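The block underneath contains the structure these notes are about, expressed in structure tokens.
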There are 2 protein chains.
Amino acid sequence: MTDTRRGRPTMRDVAAAAGVALKTVSRVVNGEPGVNPATAERVREAIRRLGYRRNDSARLLRAGRTASIGLVIGDVSDRFYSGLSRAVEAVARSHGHLLFTGISEEDPALERDIVTAFCARRVDGLVIVPAGTDHGHLRPELEAGVAVAFADRPPGSGLEADTVLSDNAGGAAQGVAHLIRHGHRRIAFLGDSPAIFTARERLRGYRDALAAAGLPYDEALVSLGRPDPHRLRAALAAMAALPYPPTALFTANGLITTHVLRALAARPGPDRPALVGFDDLELADLLVPGVTVVAQDPAGLGRTAAELLFRRLAGDRGPAQRVLLPTRLIVRGSGEIPPPARAA
Amino acid sequence: MTDTRRGRPTMRDVAAAAGVALKTVSRVVNGEPGVNPATAERVREAIRRLGYRRNDSARLLRAGRTASIGLVIGDVSDRFYSGLSRAVEAVARSHGHLLFTGISEEDPALERDIVTAFCARRVDGLVIVPAGTDHGHLRPELEAGVAVAFADRPPGSGLEADTVLSDNAGGAAQGVAHLIRHGHRRIAFLGDSPAIFTARERLRGYRDALAAAGLPYDEALVSLGRPDPHRLRAALAAMAALPYPPTALFTANGLITTHVLRALAARPGPDRPALVGFDDLELADLLVPGVTVVAQDPAGLGRTAAELLFRRLAGDRGPAQRVLLPTRLIVRGSGEIPPPARAA
DNA sequence: CTGAAAGCGCTAACAT
DNA sequence: ATGTTAGCGCTTTCAG
């Protein structure tokens, strides 16, 4: 009732109320030594009466940093991104930083807007899962001292920055080799658009595994493009109509795996192809057969990227690091279906 | 090379470089009228040369707001929360606000810490999915003008604030009624701890549906507690050992549904109970049978809460609103299994 | 059209 | 032990 002054009480108000100087209030608020206990109590009393809370934005402006970092991802509602986010948030918290989250919808222009907005707020650092391929606009920020770490995909345009990736090629190779080990010789690859780094890497792993087993690379067994149900159904139908259809499928990301599983369920046949997917799925163990996958570690990507970031913020000036996180093959049944006798 | 002055260039630097006053730079940067085009060009040139970017944190300190809001959720890596987050982010963006995300891990103390940290930064508003039951600490913030909206669960301790909820009781009643309609008379309820608002509400819906059908409420068929696999398996076993075991299950949240599905899969019997779950699951359509669920709309909760928040920020001083969002029954098979003949 | 001065809320540096 | 001054980077008066 007394304080209908627009807005919240400031240190100045507290000082006036307690009959001391501004700086004394500051000392009490920050627990600095050199304040007479009685005075301190008077100040605390005033703080309580006025409901004073320190304004950290103002404090940090003075300090020249913001104790906040920005995270840019494609879509929180995706399992992969949300696992990554959670880890970044945890690391940020443990370092006393707040986290801004921005969603790029995998749109390079939007990603750039978000990054710009974060930098305008002077975030101390950025963790980016890049949608764009040109990150030249970040160079001035880097030079100005903003720490940047990339996760899941490397930055474009030769920017030097810490980067944490899954072993996409190795994981895909592992998955394909698993199918080969189970007797398959005609293995289809259903992947995302080759414009996407991880998609290219996984395709590379597929080719590596084929080559290592002395199997030919057959373009008719490879379909790349947006993870669209129609496109995938058409691709599967085309492959099924081949003289020697594939006996196994490698689906190169989680969304593709689910769409393909739906397509297979919609057209149940006697010779169900084996399937190994990249990315783990919730309930994958409850499907029949269970879905064998190459799982990556989204939380590990986020945690590692954030930790690299804070190492930079702590003063590390070493050369940019590139960390590769291993993947893990989870055997559940779908990848162990043998090829039909006549096709083996 | 020229500018090794610690930190980034400021308006003052630009002014010096362009040979104008600070205020003129401010005018150019903010597109204010009343600057001679030639002068403006000189300023722009200096901005380019120095790589100047306005510091929004400083600008906003002056403006007395932060153009940011805080979101407090239990766990981004949960489907429900991530859908909600995504919606809140979108609304924040559309209003030119940045979003801080804080993860409470459903821990009231942590929630409070996060809220306090957000308020110390002077966020303009908060969207909270409350874990705590006491939100008295928010009263001063509300009085200071911070807008607050609650989502999914109401605030504790009689705080008056906009709240958006799912129709938990109605949805649960709908799911249970569906089972009753399919001939079930002994329906188990497997729910979360009654300490949780949504768990209580869903239990209420269960009882309502039973009452509406003239069926008795049998405590032996109700199990409440943490969504722990062991606890749930034990509960299911105890119910199966009853003289008249349940012929259908209502699982009151997504996690419980998945644990129960796993338990049922591990012990396949002839008389598989029907099942309806609260919360939709990814791949629920691909299980056999498909999982019938009562789906809520996490994005709707987030969007609505954020919109209410921005309405407040736009000046709405009306009484606190409470919005109830409908749920939707999705029929997929598990909820339509009839009771065994002898039990009907 | 342009600029000087004051101040947002706070802290660091220096008095007293 | 306490207070004064200056200033973080910007915008809002108000004067020229």
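For the numbers below, each heavy atom of this structure counts, side chains included, while hydrogens, waters and symmetry mates do not. Computed from a predicted structure; not experimentally measured. Residue numbers start from 1 in every chain, and the chains themselves are labelled A, B, ... in the order their sequence lines are given, proteins ahead of strands.
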Whether B/His135 and B/Phe150 hold their rings parallel, tilted or perpendicular, with breakpoints at 30° and 60°: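 Geometry flag for B/Phe150 against B/His135: perpendicular rings.
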
Step by step, work out the side-chain hydrogen bond (donor to acceptor under 3.5 Å, both in side chains) result for A/Glu111 and A/Ser104. CA-CA 5 Å; A/Glu111 171 187 322; A/Ser104 70; 5.0 Å; no

[X] side chain N/O closer than 4.0 Å to the phosphate oxygens (OP1, OP2) of [N]?
| X | N | answer |
| --- | --- | --- |
| A/Thr24 | D/dG3 | yes |
| A/Asn55 | C/dC8 | no |
| B/Thr39 | C/dT2 | yes |
| A/Arg12 | C/dC8 | yes |
| B/Arg62 | D/dC8 | no |
| A/Arg59 | D/dC8 | no |

Can you tell me the distance, in whole Å, between the CG atom of A/Asp56 and the P atom of C/dC10?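 Interatomic distance, CG of A/Asp56 to P of C/dC10: 9 Å.
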
Figure out the CD1/C1' separation between B/Ile47 and D/dC10, and round it to whole Å.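 Atom-to-atom, B/Ile47 to D/dC10, this comes out as 14 Å.
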
Base, sugar-phosphate alone, or nothing: which one does A/Gly34 contact when heavy atoms must sit under 4.0 Å apart?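 Counting heavy atoms under 4.0 Å across all strands, the contact made by A/Gly34 includes a base.
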
Sugar-phosphate, base or nothing in reach of A/Val20, heavy atoms under 4.0 Å: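 Touches sugar-phosphate only.
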
Pick the nucleotide of DNA chain D nearest each of B/Ser26 and A/Pro33; which residue has the one closer to the 5' end?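 Closest to the 5' end, via its nearest nucleotide, is A/Pro33.
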
When you compare the side chains of A/Thr101 and B/Thr101, does any donor N or O come within less than 3.5 Å of an acceptor on the partner?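 Their side chains do contain a donor-acceptor pair, which is all the 3.5 Å distance test asks for.
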
Any luck finding a side-chain donor-acceptor pair between A/Arg54 and A/Asn30 under 3.5 Å?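 Their side chains do contain a donor-acceptor pair, which is all the 3.5 Å distance test asks for.
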
Using a 4.5 Å cut-off on heavy atoms from C-beta on, say whether the side chain of [Y] contacts that of [X].
| X | Y | result |
| --- | --- | --- |
| A/Leu126 | A/Ile69 | no |
| B/Ile73 | B/Phe80 | no |
| B/Val14 | B/Met11 | no |
| A/Thr24 | A/Thr39 | yes |

Protein-nucleic acid N or O pairs under 3.5 Å, nucleotides 13-16 of chain C:
none

DNA chain C: 5'-proximal contact among B/Leu22 and B/Arg42 (nearest heavy atom):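 The residue mapped nearer the 5' terminus is B/Arg42.
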
Quick check: on DNA chain C, is the nucleotide nearest B/Ala58 upstream (toward 5') of the one nearest B/Pro37, or the reverse? Name the residue that is more 5'.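 Between the two, 5'-proximity favours B/Pro37.
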
For the helix from C/dC1-D/dG16 to C/dT16-D/dA1, what angle separates the axis at the start from the axis at the finish, each from five pairs, in steps of 10°?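 It comes to 50° between the two terminal axes.
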
Rounded distance [0.5 Å steps], CG in B/Leu309 versus NE2 in B/His97: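 The NE2 atom of B/His97 is 9.0 Å from CG of B/Leu309, to the nearest 0.5 Å.
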
